[in-house]
Engineer: 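Pasting a structure here, questions to come.
Each chain gets a letter, A, B and so on, in the order the sequences are listed, and its residues count up from 1. In this text the structure is predicted, and so the values were computed from the model without any measurement.
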Amino acid sequence: MSIAVKQKQRLATLIKDAIEHIIRDDQLQVADIPEIHLETPREKSHGDFASNVALVLAKPAKKSPRQVAELIVEYLTDQEFIEKVDVAGPGFINFFISNQWLYDVLLTIEKEGLNYGASNYGKGEQVLLEFVSANPVGPMNVVNARAAAIGDTLARLLRAVGYNASTEYYVNDAGVQTEVFGRSLDARYRQLTDEEYPFPEDGYPGVYVSELAQKLQREGMDLSSMSDAERVEYCRTWGIDEMVAMQRADLVAFDVEFDRWFREQDLHSTGALEAVIETLTNSGYMYNEEGALWFRSTAFGDDKDRVIIKTDRTYTYVTADIAYHYDKLKRGFTRLIDLLGPDHHGYIGRMKAAVQALGYPKDALEVLILQYVALLRNGQQVKMSKRAGEFITLRDLIDEVGKDAARYFFLMRSLDSHLDFDLTLAAEQSSENPVFYIQYAHARICSILAQASEQNVQVVCVSEAPLSVLNKEVEIDLMKKLAELPEEISAAALYREPHRIARYALDLAGIFHSFYTHCHILGEEGNIRIARLALVSCVRLVLQRVLSLLGIVAPERM
RNA sequence: GCGCCUGUAGCUCAGCGGAUAGAGCAUCGGACUUCUAAUCCGAGUGCCGCAGGUUCGAUUCCUGCCAGGCGCGCCA
């Protein structure tokens, strides 16, 4: 349990004891005591922690909130660590407590190091996080890039709170689009020797297909002796393997590595679709109508039933997706998280229905919807046309603004937010760019610590440092911020809100920069210097911790 | 028509049941003989889309409406 949470519990217990005592003395008539909730007020004059119990208790007690608050304060047993208790505003009880807990935070950070803030909420539960899963017939776009950053950091967060999280990329290598892709590649290949050769009307227009054709000419098999069908099939499989390899390489450059790349084709070749259809049929959720086989997803709240086998006896894409999710569940994952684009929200109902029809609980599947990204350059929206094959890819983004800035910009907003990504700002290496602001804080600390060691300044471990000299306002602010991290990590992981960590990093860097200006370290002597060195080394560890959760480099020099 | 997301400072967005609604950018004015000025300090700005409801208390929860984005196939 984090130090901050411990303080809250300590105070909550005191309050509860006081209320019980008040009831025993018949000063207050209430049926039961509400849950005592302690919060950290944003306003410093409201103390270190505050409680609203009196406001909640006022009505059942038929007294004014302030009267209740006064009564509680009166009954609080004296504690050494409590310096002052106020009743303020409409009836809040504000606690001012001694700084010892903040020094304990520093000790904890030193002890836990880069694991600071970890917990065991997940208790090792097996979670499978699926994200990106872009079609292997084209480069990844900016929504895929956003999904990559969010999904990857979410996985890191889930691991930090004790889940056994795996990541997976589903490769749609079996659909009709892959056949179109095969024909497109074949046509471009033929055009290398025959300029007149026609390009399919429904073909993929992007230049990457032509580039792939040139690579095929250099490295692939000789296609001249093949039949038309053989050529297209070869182009399809060879081309998709190439595309997948490219996607994987781009994601690696983005510091996103998947535990597994799952091929849809494997479901088809192992008979997984037939198997899942049989399972659903045996459970009574399938019926024939108008020459097609339907899944009664409305039995679980979906808008309409879904076709599983079309009249032409082929499967719909939903069929493979159901088989895929069944496969995930059978592998022992008790919670599946899918991170999808906004155009897939209609898909939630049918997949949740499928999971239930297969005998698993409804919330075994959790679908997170990511909203769109608009790219801005010099204040103008960047126009993209998928038809013309003109759009900014993940690779372009990394080349233009760098991996760290790109990840930060995707992670700084909530999933629900329609993100405006300002390329000009992200590429800027200046104070306006939040990424550099955070990294600069880290570099500054490294510089101080390096100079301390050059100058043979005594650096002791936190447990031996005279921490009680850390009592200036900005020092307290800094330690309080450090104390918040464990709760921030839990909230970010459990509510699937990675942007909390991006914001936390920015806040922490801001307080550090202010501290840096107001409090010198190497220029000071004795206890102050020793204690501040201990403090900044803790700040450095925490910055490293949050940057690594965000997948952003913590540079030693800038 | 139905569904999802959004509407908060000039701009981009936090906050999502509590006390005087915040941050960055933009604007203006200060601070480098001392650990990196990629920094700091100060200044001001808000019918929290509109209207009801729940509550001791609503930007936060509920309902309706308005506006914007995106979906709604025996496509994937």
Engineer: Could you pull out all donor-acceptor pairs under 3.5 Å where a side-chain atom in residues 287-295 of chain A meets a protein atom, sequence neighbours excluded?
Structural biologist:
residue	atom	partner	partner atom	Å
A/Tyr287	OH	A/Asp305	OD2	2.6
A/Trp294	NE1	A/Glu289	O	3.2

Engineer: Can you tell me how far apart CG (A/Asp202) and CD (A/Gln177) are? Round to the nearest 0.5 Å.
Structural biologist: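 A/Asp202 atom CG to A/Gln177 atom CD measures 12.0 Å (nearest 0.5 Å).
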
Engineer: Can you figure out which of B/rU36, B/rU39, B/rA19 approaches the side chain of A/Arg557 most closely?
Structural biologist: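 Closest of the options to the side chain of A/Arg557: B/rU36.
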
Engineer: Partners of A/Tyr317 by side chain to side chain contact (heavy atoms under 4.5 Å, CB included), sequence neighbours excluded?
Structural biologist: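 Side chain to side chain contact (heavy atoms under 4.5 Å, CB included) check on A/Tyr317 returns A/Asp321, A/Tyr347, A/Arg350.
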
Engineer: List, with names and distances, any nitrogen or oxygen atoms from the protein found under 3.5 Å away from nitrogen or oxygen atoms belonging to nucleotides 57-60 of chain B.
Structural biologist:
none

Engineer: My understanding is that only residues two or more places apart in sequence, or in another chain, count here; which of them pass ring pair (Phe, Tyr, Trp, His ring centres under 6.0 Å) with A/Tyr504?
Structural biologist: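 By the ring pair (Phe, Tyr, Trp, His ring centres under 6.0 Å) rule, A/Tyr504 matches no residue at all.
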
Engineer: Taking only nitrogen or oxygen atoms into account, show me every contact under 3.5 Å that the protein makes with nucleotides 72-76 of chain B, one pair per line with its distance.
Structural biologist:
residue	atom	partner	partner atom	Å
B/rG73	OP2	A/Lys304	NZ	3.4
B/rC74	O2	A/Thr311	N	2.9
B/rC74	O2	A/Thr311	OG1	2.9
B/rC74	N4	A/Glu290	O	3.2
B/rC74	N4	A/Glu290	OE1	3.4
B/rC75	OP2	A/Lys310	NZ	2.8
B/rA76	OP2	A/Tyr317	N	3.2
B/rA76	O3'	A/Gln177	NE2	3.2
B/rA76	O2'	A/Gln177	OE1	3.3
B/rA76	O2'	A/Gln177	NE2	2.4
B/rA76	N6	A/Tyr317	OH	2.3

Engineer: Counting Watson-Crick and G-U wobble pairs with both distances under 3.5 Å, what is the dot-bracket string for RNA chain B, 5' to 3', using [ ] for crossing pairs and | for pairs to another strand?
Structural biologist: (((((((..((((....[...)))).(((((.......))))).....(((((..]....))))))))))))....

Engineer: State whether a side-chain donor-acceptor pair under 3.5 Å links A/Tyr285 with A/Gln356.
Structural biologist: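 No donor-acceptor contact under 3.5 Å links the two side chains.
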
Engineer: What nucleic acid atoms does A/Ile369 come within less than 4.0 Å of, heavy atoms only: base, sugar-phosphate, or nothing?
Structural biologist: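 It contacts nothing in the nucleic acid.
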
Engineer: Could you pull out the protein-nucleic contacts involving nucleotides 33-35 of chain B (nitrogen or oxygen on both sides, under 3.5 Å)?
Structural biologist:
residue	atom	partner	partner atom	Å
B/rC35	O3'	A/Gln451	NE2	3.0
B/rC35	O2'	A/Gln451	NE2	3.1
B/rC35	O2	A/Ile521	N	3.4
B/rC35	O2	A/Leu522	N	2.9
B/rC35	N3	A/Ile521	N	3.0
B/rC35	N4	A/Tyr516	O	2.6
B/rC35	N4	A/Cys519	O	2.7

Engineer: Strictly by ring-ring contact (aromatic ring centres under 6.0 Å, His included), give each pair with a member in residues 29-66 of chain A just once, sequence neighbours left out.
Structural biologist: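 Qualifying pairs, neighbours excluded: A/Phe49-A/Trp101.
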
Engineer: For A/Ser447 and A/Gln451, does a side-chain donor sit closer than 3.5 Å to a side-chain acceptor?
Structural biologist: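 Yes, a side-chain donor-acceptor pair sits under 3.5 Å.
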
Engineer: Mapping A/Val56 and A/Ala443 to their closest nucleotides on RNA chain B, which lands nearer the 5' end?
Structural biologist: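 Looking at the nearest nucleotide for each, A/Val56 comes out on the 5' side.
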
Engineer: Just jot down the ring pair (Phe, Tyr, Trp, His ring centres under 6.0 Å) partners of A/Tyr208, sequence neighbours excluded, or say none.
Structural biologist: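 Checked A/Tyr208 against ring pair (Phe, Tyr, Trp, His ring centres under 6.0 Å); zero matches.
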
Engineer: Side-chain contact, heavy-atom cut-off 4.5 Å: A/Val171 with A/Ser133?
Structural biologist: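 The answer is no; the side chains never approach within 4.5 Å.
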
Engineer: Does the side chain of A/Ser514 get closer than 4.0 angstrom to OP1 or OP2 of B/rC41 through an N or O atom?
Structural biologist: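 Yes.
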
Engineer: Across nucleotides 5-15 of chain B, 5' to 3', mark each nucleotide with B, S or - according to how protein heavy atoms within less than 4.0 Å reach it.
Structural biologist: BS-----BSSS

Engineer: Indicate, with a heavy-atom threshold strictly under 4.0 Å, whether A/Asn94 touches base, sugar-phosphate, or nothing.
Structural biologist: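 Base contact.
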
Engineer: Which residues pass the ring pair (Phe, Tyr, Trp, His ring centres under 6.0 Å) test with A/Phe421, sequence neighbours left out?
Structural biologist: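 A/Phe421 satisfies ring pair (Phe, Tyr, Trp, His ring centres under 6.0 Å) with A/Phe409, A/Phe410 once adjacent residues are dropped.
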
Engineer: Output yes if the stacking criterion (under 5.5 Å between centres, under 30° between planes) is met for A/Phe92 over the base of B/rG18, else no.
Structural biologist: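 According to the criterion (under 5.5 Å, under 30°), no, A/Phe92 does not stack.
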
Engineer: Enumerate the side-chain hydrogen bond (donor to acceptor under 3.5 Å, both in side chains) contacts for residues 407-416 of chain A, please, sequence neighbours excluded, ordered by first and then second residue.
Structural biologist: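 Pairs touching residues 407-416 of chain A that pass the test: A/Asp152-A/Arg407, A/Thr153-A/Arg407.
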
Engineer: Go through the steps to decide whether A/Phe515 and A/Leu535 satisfy the test side chain to side chain contact (heavy atoms under 4.5 Å, CB included), and finish with yes or no.
Structural biologist: CA-CA 11 Å; A/Phe515 161 81; A/Leu535 173 59; 4.0 Å; yes

Engineer: For A/Tyr324 and A/Tyr170, take the angle between the two ring planes, folded into 0 to 90°, and tell me which bin it lands in: parallel under 30, tilted 30 to 60, perpendicular over 60.
Structural biologist: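 Correct class here is parallel.
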
